[in-house]
Structures are given as structure tokens and as C-alpha cells.
Visitor: 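Please find one structure pasted underneath; my questions will follow.
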Protein chains: 2
Amino acid sequence: MNRASSLHAPTFSPLYRQIKQLIMGNLESGEWGPGDAIPSESELAGRFGVSQGTVRKAIDEMAAENLLVRQQGKGTFVATHKDPGSAFRFLRLVPNDGVPQVSQSIPLECWRAKAGPDVARTLALEPGAPITILRRLLKLGDEPVVFDEIYLSSELFPDLSLEVVRAGDSLYGLFESRYGVCMVRADERLRAVAADRVSAELLQVAEGSPLLVVERVTFTYGRKPVEWRRGFYSTRNHHYRNELG
Amino acid sequence: MNRASSLHAPTFSPLYRQIKQLIMGNLESGEWGPGDAIPSESELAGRFGVSQGTVRKAIDEMAAENLLVRQQGKGTFVATHKDPGSAFRFLRLVPNDGVPQVSQSIPLECWRAKAGPDVARTLALEPGAPITILRRLLKLGDEPVVFDEIYLSSELFPDLSLEVVRAGDSLYGLFESRYGVCMVRADERLRAVAADRVSAELLQVAEGSPLLVVERVTFTYGRKPVEWRRGFYSTRNHHYRNELG
DNA sequence: TAGTGGTCTAGACCACCCA
DNA sequence: GGGTGGTCTAGACCACTAC
């Protein structure tokens, strides 16, 4: 293990960050898949030729970023969306009264298209690259609350179809198990807009009534963008919850 | 320093968390104010009778929570909203085109009232306790984008008035320097609504056009709620930015 | 040069899980 | 009982800041 590049190198990074990058490499390459246990801290320390504390600090950061999950006495595991508890990590919509509700995802349409300049840019694809577009409705306890339009690279998600989506569990769980793509981070942009006819009908609100629009770019390991979606949220009985620290 | 309460005590907490609580106590009591340097790690280690590494871990957590700010070679400082860079930590509204704009806060009204049941509950006050209500408009580069209505305990913020607000810098900076109340965390709830006449006029949009409503409860040290506000955000040329990890 | 935070190490012991 | 993560220590050295 190199002891940094020394002497004011602008690329300096401490040992534990180099270790972190090595572990990241194993995640990106899919060597350790979602839900798997990674080797123990002492095992990794030996393998990399550093002390256990240094490996620990690397894993600390990755656990803080929700890439890994530690379990005392058992081991450290690659984070997965199948794990109940982190299954709806990215859904910030909660009922106003706080009573939890069962959620139901209803796939509506799924078709192929070519990436326009905007989608190509956000997903880092060539313009005209094949993409798959999925529309779905999310119900929380019998009430339709989110209408999503989702853009994906057809290359990354080859055989995606209504049938495939219907069969799977949560969407991100499906992406993990069927395509080996694990969603790790997302950037969202929120706006208020007036409901168009389609959204209004699906969400059972009056046309022109205010809706929350949530545009999301979702990333896998290494900040690689892999999903773009636009969601129309009905905020009659729900709200988008956010914590500022 | 007690070595935890031993023997399956349900209140067990590791040494570094006990140290963290001791440091928190110094923040809550105002002994170390916003912007101040706290004693060095070794100084604190000696004072508390623990090793430097343990103090370090306590400070690590507090730095991660934006309570403290470390500066290599200089020391560790109590986080402050006066520090440019963390001055607008809680404002998530950014222009669509990404070009940063100068912001201008315009106080509109300020008056006293008695806390209704809802405000009393969110601010943990007695119903009927004296509160101060402040209305203000936020402009980003000549465009009015946020209309805020802010509820505060008159006891915590005694002589708050339009004049005081006008004189001060940012609102949270003022709260720190004048009242010794440092905003540390906030919970927000977002909804889309139709603009009423007042908001529409102030934000220069058509009545009934969609606005983003942001309800925020803001906390000081120890999760004590000290501010409740409702903001109407115009999302014509701006959006609310959020990062999901 | 002295003081601060930042990194790294080696080793001890504890708490937890499982066979 | 053996393996895992979690805590705590003591000491060394590096990087940065200020004087």
C-alpha cells in the first residue's frame, strides 16, 4: 500500500480512503453483491497490509453513506433495498396523520424509445441511445398518491417489461436482483405545478389542482447515473418529509 | 468518568457518547458560544480523564451533525450561521439555471399574539403563552420567491421587532448573536397548494397558481423546538433541492 | 517553533451472535 | 468457544496554522 503520493501531490489521500476505494472497487465490479457479507475487518486488514483500525475507518465512512451495513457479532454486509427497513429509503412521502399505510405499485405502461438530448445528458448516454420508459402508479392504502415516469438505459436493464415489473417486489429490489444495479444515492428537485389531465385522472384530483413534482436522478456506485424519473405527488393527505441537519 | 452502568443496564452508552453529552452540556449552557473555539482535544482528554482518541470520536460525531467545525492547525469551533458557507444551510431553494443569486430578506410585519394549541404543541409551550409572529419576503436577485410566516416564543426572543430584524444580518445569525439561540436542526414538510390572494400578490404570481408550502420546525441543542415557520415558495424559476443518501 | 487537528498502529478488552 | 464488530488506550508521526 503506497503511503500517499507524498510531497504536496494534489492527489493526496489518506490510507483509509485508498482502502475505501479498493472496497468500492469490489462493490462496483459486483464481486460483493447486495446482501452479501464482506470479509471481516481483520481479514481485510491482512489482505491490504494495513491495521484493522484503518480498515475500520474506511468501512465507517461507507456505513455512513449507507453503502454497507454493520451488524455486531455477525459481520458487515452490502446494503440492499430488499432489506425491510431500507426498502423505502428513497420515498419521502408520508401520510399527514402519521399512520403507516401499505404501499402498492401498479405498473401502467412500458415501452422503448431513443434518448433525447436531455435524458441522454442526465443518464450520461449517447443521444439516440435505446432507453426504456416505465409508467407506474403508487398507492398508499387504496389512495393513489404518486404517478411516476421512469427513464432507464435499455442496455443496463435489457428485458424490462410490464410483466417483469409486475412479478418483482419493489422496483429497486428488482433492479438489484435482476440487473445487478444497486441504487445508492439520488438527487431530487421539487416543484409545485398544476395537474395536467393524465395526472389528474390517475391521482383522482381535479385537473389544474396543485401537485408536487419530484424529479430524481438516481446513482449507483461511483456516482454513475442510472435512473431518471419524474413523479407527480398528490399532497392532499400526504406530505414530503425532509430533515435538515 | 463512570465506565457505563454495567451489567445489562438499559441505559448503557459508551464512554465517547458520555463525553459527547458533556460537551453538549457546555453548548446548551452557552459556555461555548457560536464561533468560539472549544478547548483542544488533548486539553479535553485531560479534563475528562479519558484518552484523546475517545474525545476525538465524540467530536467526530458532533462535527458530522454540524454542531462543531474542525479546522486543521487552528482548532475546533462551535458552528455558527454567521460563517459564510453555512449561512444558508437551511435554504434548499436554488435557481433552475444554477446561477447563484444575491438574496435579500424583506421584513413585512411583526406582532405579538398568544399561542394557539397547534403552535403551543410544536414549540412545546403552554397554550396561550406569548409568541411573536414575523412575516417576511425573500428575494433572490430581484425576484420574490419565498413568503415566510415565522412563529417564535416571545420569552426566548423578547424584543424582536421589525427594526431589530431589519438591522440584523441573516435571521438565524441574528437569533444567535442577540438571543443566544443557535439553530441546529430542522424538520420540514412539503406540500403543493394553490396560491391565496396575499401570497400571490407578494410573490407576483397569479392567484390560484401552484406554490410549494414548506412547514419547518427548527431545533436548538437537545432537540428543543424554538421556531415554527410556514413558507410559500414560488417554483417558477427555482426548485427545492434535496439529496437522498 | 509550538500547538492544533489528522492519520496510523498495536494491542487489550467488551458485547453480541451462532453453532 | 470462536468469530464478528464496538470501544478504549497509548504513542508515534504528519499536515497545517500562527507567531
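Chain identifiers are assigned alphabetically (A, B, ...) following the order of the sequence lines, protein sequences preceding nucleic acid strands; residue numbering begins at 1 within each chain.
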Visitor: Roughly how many Å is it from CD in E41(A) to P in dG2(D), rounded to a whole number?
Guide: 21 Å
Visitor: Does the distance from a Lys or Arg side-chain N to an Asp or Glu carboxylate O, for R17(A) and E61(A), drop under 4.0 Å?
Guide: yes
Visitor: Under a 4.0 Å N-O cut-off, is there an ion pair linking E43(B) with R47(B)?
Guide: yes
Visitor: Can we say R92(A) and E188(B) salt-bridge, meaning some charged N sits less than 4.0 Å from an Asp/Glu carboxylate O?
Guide: no
Visitor: Quick check on dT7(D): is either OP1 or OP2 less than 4.0 Å from any side-chain nitrogen or oxygen of K57(B)?
Guide: yes
Visitor: Strictly below 4.0 Å: does S51(B) bring a side-chain N or O up to OP1 or OP2 of dA10(D)?
Guide: no
Visitor: Over how many whole Å does the gap from Q71(B) atom CD to dG6(C) atom C1' extend?
Guide: 14 Å
Visitor: Are any of K74(B)'s side-chain N or O atoms less than 4.0 Å away from OP1 or OP2 of dG5(C)?
Guide: no
Visitor: Could you give the CD1-to-C1' distance, from I19(B) to dC8(D), as a whole number of Å?
Guide: 11 Å
Visitor: Looking only at the side chain of T76(A) (C-beta and beyond, no hydrogens), which of the listed nucleotides dG5(D), dA10(C), dT7(C) gets closest?
Guide: dG5(D)
Visitor: Quick one: which of dT9(D), dT9(C), dG5(D) gets closest to the side chain of L15(B)?
Guide: dT9(D)
Visitor: Separation of E61(A) atom CD from dT7(C) atom C1', in whole Å?
Guide: 12 Å
Visitor: Is there a side-chain contact between R56(B) and the phosphate of dG5(C), meaning an N or O under 4.0 Å from OP1 or OP2?
Guide: no
Visitor: Any side-chain N or O of S42(A) under 4.0 Å from OP1/OP2 of dG3(D)?
Guide: no
Visitor: For dT4(C), take OP1 and OP2 only and decide whether either is under 4.0 Å from a side-chain N or O of R70(B).
Guide: no
Visitor: Is K20(B) salt-bridged to E65(B), cutoff N-O under 4.0 Å?
Guide: yes
Visitor: Looking only at side-chain N and O atoms, does E176(A) offer a donor or acceptor that is under 3.5 Å from a partner on T80(A)?
Guide: yes
Visitor: Just the rounded figure in Å: distance from P of dA12(C) to CD of Q52(A).
Guide: 13 Å
Visitor: Quick check: on DNA chain C, is the nucleotide nearest V55(A) upstream (toward 5') of the one nearest G73(A), or the reverse? Name the residue that is more 5'.
Guide: V55(A)
Visitor: Report the distance from atom CG of D60(B) to atom P of dC8(D), rounded to the nearest whole Å.
Guide: 13 Å
Visitor: Can you tell me the distance, in whole Å, between the CZ atom of F77(B) and the P atom of dA18(D)?
Guide: 9 Å
Visitor: Measure from CD on E43(B) to C1' on dT4(C) and round the result to the nearest Å.
Guide: 13 Å
Visitor: For the side chain of Q72(A), starting at C-beta, report the closest nucleotide among dC16(C), dT9(D), dT9(C).
Guide: dC16(C)
Visitor: Any side-chain N or O of T54(A) below 4.0 angstrom from OP1/OP2 of dT7(C)?
Guide: no
